[in-house]
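Below is one structure, written out as structure tokens; the observations come after it.
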Amino acid sequence: TATYDVAAVQDKWLPVWDELQPFRADDDSPREKKYALTMFPYPSGDLHMGHAEVTALHDVIARYWWQRGYEVMNPMGWDSFGLPAENAAIRNDEHPATYTYANIETQYESFKRYGISFDWTRRLHTSDPEYYRWTQWLFLKFRERGLAYRKNSPVNWCPNDQTVLANEQVVDGHCERCGAQVTKRELTQWYFKITEYAQELLDDLDRLEATWPTRVVTAQRNWIGRSEGAHVSFAISGREEPVTVYTTRPDTIFGTTFMVVAVDSALADELVTDAQRPAFEAYREEIRKETEIERLSTDRPKTGVDLGVTATNPVTGTQIPVWATDYVLADYGTGAVMGVPGGDQRDWEFATVMGLEIIRTTQTPEGFDGEAFHGEGPAINSPAPGVDAPLDINGLGVAEAKRATIDFLEQQGTGQGAVNFRLRDWLLSRQRYWGVPIPVIHCEKDGEVAVPYDQLPLTLPELRGADLKPKGVSPLAAASEWVDVECPTCGGPAKRDSDTMDTFVDSSWYFLRYCSPSYDEGPFDVAKANAWMPADIYVGGVEHAVLHLLYARFFTKVLADMGMLETREPFAAQLNQGFVINRGKKMSKSLGNGVSLGDQLAEFGVDAVRLTLVFAGPPEDDIDWADVSPAGSLRFLQRAWRLSGDVTSAAGTPAEGGDVALRRVTARTVHDAAELVESYRFNVMVARVMELVNATRKAIDSGAGPADPAVREAAEAVAILLSLVAPYTAEEMWERLGHQPTVARAGWPAVDPALLVEESVTAVVQIQGKVKARLEVAPDISEADLEQLALADPGVVKAIDGRPVRKVIVRAPKLVNVVV
Ligand code: ANZ
């Protein structure tokens, strides 16, 4: 018997597919469009197991859509600016482009061989001037809309990468890229005003909930962090202007026994009295050495300094002390907090350490023996017994008490209901070379001047090796020939902005560029983008739950407001794959448990590796390479392939009249496979194909025989279903079954619905637990249909005898229990 030569089959089909280009998406096709998007890689090294997994999973969906008759756009490109290339360039004394484009070529060849159905005519690289020209264009448009601006503020600084980081790039106080502890610096930097879209970014998550992974939606909600409360003004002794605090609990105003201000805020510096200044400055020096995690840590003793002034509680008129502390953050809310030890644990600890008064304003539940209480309960001490105050909220629940307090403050003119977001504006400047130059010129006379649109792209100067060493300012600042320019407005001497953009800017719109990748009148052809967008599926890693996905959503909304996009959300549905691990652990050099994709492909072939990744389990789960069997996958593929050689009926033979039992299995498998793919249960789909292979083998060897047309029908179905996962094997089978390439566009097998109706099953109808009727029903009857049938049955109607039905319990297809 012939053997299945994996390498030969790969070598055979690759050039044929290259020639046929079966996955080229036609913008003008009359078919319904589907946009299958997967996260594009950084070009660092060759592809690894992670890439192999995510693209194998993603390809199941893209290839399925082609088979179902859609026009599918499945593009791929490279997120090719960024630090790895720059660091490699410093190490190797070369230009970052060398490393970048060499790796892109390597990955491109690997992707091709790996057989993913990408439309390579749409390939893009974010580091190409043709691409970043439009990143610069978008930046300038955002700036015109007031959505890109510069400000001076304390920023996150990575001392290792020598660059600032967005809040989103700081993970537990460390640089998300290199792991170094992040410090703070005061710098003037560019920001995108993503906060302007905070409410919409939050609201639209409600609609994404049905089609996005829950953990992504939750992570975004938490990151945006909306809270509702009030701004409350406190008059300050010896100062004209009051200080406003932000609180989520205005109802606790009667329990406010002090005010705390962020020690590193301008406000604290302004408020402190001369007498307290030395103590204040000493304390501030101490705090400046701390990291944000230390500051927010709940298990450190609270610290602070009395600023020497007092504030007046607007409701009670009480004078309270004003302190500076590190547990209040300068850039959240107003940087000042009304201290309520009874309701906030940090305030409780602070009051305890400093000897400040504690007044509970919410009734604690029976047996409560904790400290601060922030649960539900009626307001108490609001005002305290015997105290005369213009507001009385005693007895009200938290929500009513909040509302009543806000109403009062608003009438009194000392406060206002307010909404606050945790989300900050997106800091986008980076002090690195290998990124998009910010197209702005700074002129002493004219200030910030945009580089004229007709001068875009503003390309990077040629720097290499040691020129790129991090020095705290961008390497571009030292490239004087590039940096020193004439002001476009006055012609006088001016300097280019020497920072480059965060690479997340590049990836916030690449999915739009794919829709018209060589368009040169704008970032994308509006009509084409509207025809393809939103992407119907976005497959990628959950590590992007916040950063990339939030930024891309923000860009989409701004572009919609610019009239360039109809959709306000870029990704209609999303799937996150798990990790490929080995022996229970993440693959890493130090553990020596890495699995080389190249080795696996060489040993078992592309299809066996792809099949293994898809078959291992639900896509969201981690895959432990120690628990799976690419050798077993290969054996299965050989079994499937062998079927195609055994079929003896001619191609085109109608299957009618063939073995009905096998035809039923085929029909059921094809029918279920569609549902399984659409619900991302790819592993179950593969299992079903395996069963179909077994059934076909049995029919050939000991049943209908190789000439039965049902056998051909089954083998062809196997080839088409396998084309979603194992394209080489499927193509080879298809050819051996007498067809022209490519199986990838053969079309989904037609299913005769009559073959899906199985013999009926008996459903029992009980009333008060007693059997009153038996019904013959289809095995896949729905609960609703079964209930309706049961209640309409004459025997059942008679037994109910007009009594009201209190409850119907349906267990389709076997049981209906009626309670009257
Ligand atoms: C009084 C109060 C009483 C508070 C109470 C809570 C409970 P979220 O929900 O995250 O928005 N806060 C306000 N600004 C702050 C800052 N810059 N740094 C640290 N804490 C700050 O949190 C809002 C609450 O966090 C506010 O409500 C304030 O404390 C505190 F029983 O005010 B609250």
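As the structure lists them, so they are numbered: ligands from 1, and atoms in each ligand from 1. Here the structure is a predicted model, which is why all the values come from computation and not from measurement. What you see below is based on every heavy atom in this structure, not just the backbone, and it leaves out hydrogens, waters and symmetry mates.
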ask   = Taking the six-membered ring for Trp, is the centroid-to-centroid distance between Y149 and F192 below 6.0 Å?
value =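 Y149 vs F192: aromatic centres not under 6.0 Å.
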query = At a non-hydrogen distance cut-off of under 4.0 Å, which region of V328 contacts ligand 1 (side chain, backbone, both, or neither)?
reply =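 For V328, backbone and side-chain atoms both sit under 4.0 Å from ligand 1.
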ask   = Hey, does the Lys NZ or Arg CZ of R430 hover above the aromatic six-ring of F504, less than 6.0 Å from the centre and inside 45° of the axis?
value =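 No - R430 does not lie over the ring of F504 by the 6.0 Å and 45° rule.
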Between ligand 1 and [X], is the shortest N or O to N or O distance under 3.5 Å?
| X | result |
| --- | --- |
| T247 | yes |
| R249 | no |
| L329 | yes |

Show me which atoms of ligand 1 lie under 4.0 Å from any heavy atom of [X].
| X | answer |
| --- | --- |
| R346 | 19 (C), 20 (N), 25 (O), 30 (C) |
| S227 | 8 (P), 9 (O), 11 (O) |
| V340 | 1 (C), 3 (C) |
| D344 | 6 (C), 7 (C), 31 (F) |
| G343 | 5 (C), 7 (C), 31 (F) |

inquiry  = Does T247 form a side-chain contact (heavy atoms from CB on, under 4.5 Å) with V232? I'd like the steps, not just the answer.
reply    = CA-CA 8 Å; T247 175; V232 185; 4.0 Å; yes
key: contact_flag M338 ligand 1 heavy-atom lt 4.0 Å   =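 Flag set, M338 near ligand 1.
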key: Option with minimal heavy-atom separation from atom 3 (C) of ligand 1, where the choices are D347, T252, T325   =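 Going through D347, T252, T325 one by one, T252 has the nearest heavy atom to atom 3 (C) of ligand 1.
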Please check if the number of heavy atoms outside [X] that lie under 6.0 Å from its [atom1] is greater than 12.
| X | atom1 | result |
| --- | --- | --- |
| E186 | CD | yes |
| D206 | CG | yes |
| K151 | NZ | yes |
| Q416 | CD | no |
| H442 | NE2 | yes |

